[in-house]
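Please read the structure below before turning to the comments.
The figures here come from the full heavy-atom set of this structure, side chains too, leaving out hydrogens, waters and symmetry mates. This is a predicted model, so every value here is computed, not measured.
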Amino acid sequence: LLGSIGFQMSIFYLVNWPDEDIKRETWKVISACISIFVAVLLFQGFNQVVEEYIIEGGGEMWEVFVDVSQLLFWLSCMQVTLAITSGAVNELWGGTPPSMEKIEVNVKSLAVLLAHVTGFSSINAFGSVQQTFFSDDPVLAFMIVPAGFFSLFALYHGFDILRDYVSEADDGEVDEYEAKWDEETEEAENDVAGLSLAFLTVQAFRFSISGVLPNVEGIESPETAGTHGPVQWLCLWVCGIACGILGILCIQYKKFIPHPSARVERMTKIVRNYFMFASSWSFFYTAKWAFTHTKLGEQESMLHVVLALVVTAVVFVNIFVIDYILDNDLFGQSEEEEDEAESALDEVILALSVLVGFSWEQSFDTAVSVLASSLSGEVPQAFVKLAMSLVLVAIVFPAWRFYILPKELELTSEMSDQGQKLKRLKTHAQGHYHLMVNPETEDHHLDKAHLKMKQERLQYMGLHNSPEPKGLIHVQVTAKGVQIQDRSAVQEPKKQKTKHLQKAATVNLLD
């Protein structure tokens, strides 16, 4: 309870931090954490029903077949859902696509959620293959990684051909809605590959270090879970460091491949995701081994709560590390290098956030298992878990979709030049409101503030260069008299670096 309260209060501090980068990255962590939490709940709920009522009683090959079928089902659902929500297929049945602003949030929310659900389905499918065919030897266990990579890449290529065919089926051209569908789907597919293949790699790491291959969900038996000593923790931690270094090197891949093809660039993004997720999974299970070795290992519910709090604290500290990297341009000062570093560090944030969401979901799953066991005599345990998961998703997902994700997208958009102009306009409007409600504000100050705000609006809307009738002059009428205003004074500000502002911009409407 104390840890949960501390966790919530820490979030309030971080989302109101004066550094704009800290604020933005915190919202990204919160958003990714909740999406992972919801995704794991959904997949675990449905998968347990599948295991108990479809897989149970069948052989190993039947289990592999069903698990792979689940992966294909979720991949197909992701393609179709994003095609509909992006407006890419509206013309096929004569519909009118909605505004791109509305599409942006709808597509992003479903792309992120379905990417994570499909990612855990991929872990389940290839994990079954690993347990069935590659569990005899630690070296053999690693073979599932290239096998999974080429299998997913082949599936992605097939879906890519299908998307191109559908996009050009109506008028032979790819419009902005169809391009949005392709962009968001490819990004989601990259996350699926990175998340699942990294987990399978860490499974093989743990097998090599301890001699025990955990089950598909990464859980070990109680007899072996608490037997891992400091040497094994250190080995797994070193594996995480190595994967992290390789992931950082992938950020600089354009130095080695100056003009990569679209396919090579996509493969590089998947590999970069893979190393970042592998590093995060390694650190997570290092911490779990260490805590399980203590007395916490005897109390499963307490173990998961403590682990979730520790992982969350580490992720929050890493937000400041990433902010330092961005503020000091450690990956280069050119605009292209900054954009590449920003994109890569976003993947670091995503990889770390996955662990936060996953660790909290495990805490929830432990509590649900206890409750489901108490009701097992009246209702099947699998359906109790599924019902509770759906109820929680029905509460959490709308809050994430309508409040958290739009805030994340808003803060991210402020990194662009146009976003900075909009933010400045909002700041002026807020300052004007405070002057308006302040009873001590004099009328001529309000007039001056209103004019200044209108000038900022002209700059944001791009209206300051509009032609005017010859001889037109602008005057300012206040309580102190009439003053002629020079229109030429309203000029486009010089282009400045808009990224990584360490403090929120302040404006004075009375200057």
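Pairs engaging residues 109-121 under the side chain to side chain donor-acceptor pair (under 3.5 Å) rule: Ser35-His116 [sequence neighbours left out]. Identified under the side chain to side chain donor-acceptor pair (under 3.5 Å) test for residues 397-408, with sequence neighbours left out: Ser31-Trp400, Ser31-Glu408, Asn106-Arg401.
No side-chain donor from either of Asn215 and Gln131 sits under 3.5 Å from a side-chain acceptor of the other. Asn124 and Asp67 form a side-chain donor-acceptor contact under 3.5 Å, judged by distance and modelled atom types alone. For Thr412 and Trp27, the side-chain atoms include no donor-acceptor pair closer than 3.5 Å. For Asn47 and Glu51, the side-chain atoms include at least one donor-acceptor pair closer than 3.5 Å.
Ring pair Trp17/Phe320: centre-to-centre distance below 6.0 Å. The ring of Phe134 has its center no closer than 6.0 angstrom to the ring center of Phe142. Between Phe383 and Tyr53, the gap from one ring centroid to the other is short of 6.0 Å. Aromatic rings of Trp360 and Phe37 (six-membered ring for Trp) have centroids beyond the 6.0 Å cut-off, not under it.
Other residues, nucleotides and ligands contribute over 12 non-hydrogen atoms within 6.0 Å of the CZ atom of Phe153.
Taking 4.5 Å as the limit, some side-chain heavy atom of Trp181 sits within range of a side-chain heavy atom of Val166. Residues Ser122 and Leu152 form a side-chain contact, since some pair of their non-hydrogen atoms from C-beta on lies under 4.5 Å apart. Ile30 has its side chain within reach of Ile11: a pair of non-hydrogen atoms, C-beta onward, lies under 4.5 Å apart. In this structure the side chain of Phe283 reaches within 4.5 angstrom of the side chain of Ile241, judged on heavy atoms.
Ionic pairing of Glu183 and Lys108 is not present here: no N-O contact between side-chain nitrogen and carboxylate oxygen is shorter than 4.0 angstrom. Between Glu20 and Arg24 there is no salt bridge, since none of the side-chain N atoms of the basic residue sits less than 4.0 Å from a carboxylate O of the acidic one. Salt bridge status for Glu410 with Lys426: present, with a side-chain N to carboxylate O gap under 4.0 Å.
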Is there a side chain to side chain contact (heavy atoms under 4.5 Å, CB included) between Tyr156 and Glu186 once you walk through the steps? CA-CA 8 Å; Tyr156 293 169; Glu186 283 197 358; over 6 Å; no

With salt bridge (Lys or Arg N to Asp or Glu O under 4.0 Å) as the test, would you mind laying out the steps for Glu189 and Lys269 before giving the verdict? CA-CA 11 Å; Glu189 290 172 344; Lys269 288 181 179 179; over 6 Å; no

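Between Phe120 and Phe358, the ring-plane angle classifies as parallel under the 30° and 60° cut-offs.
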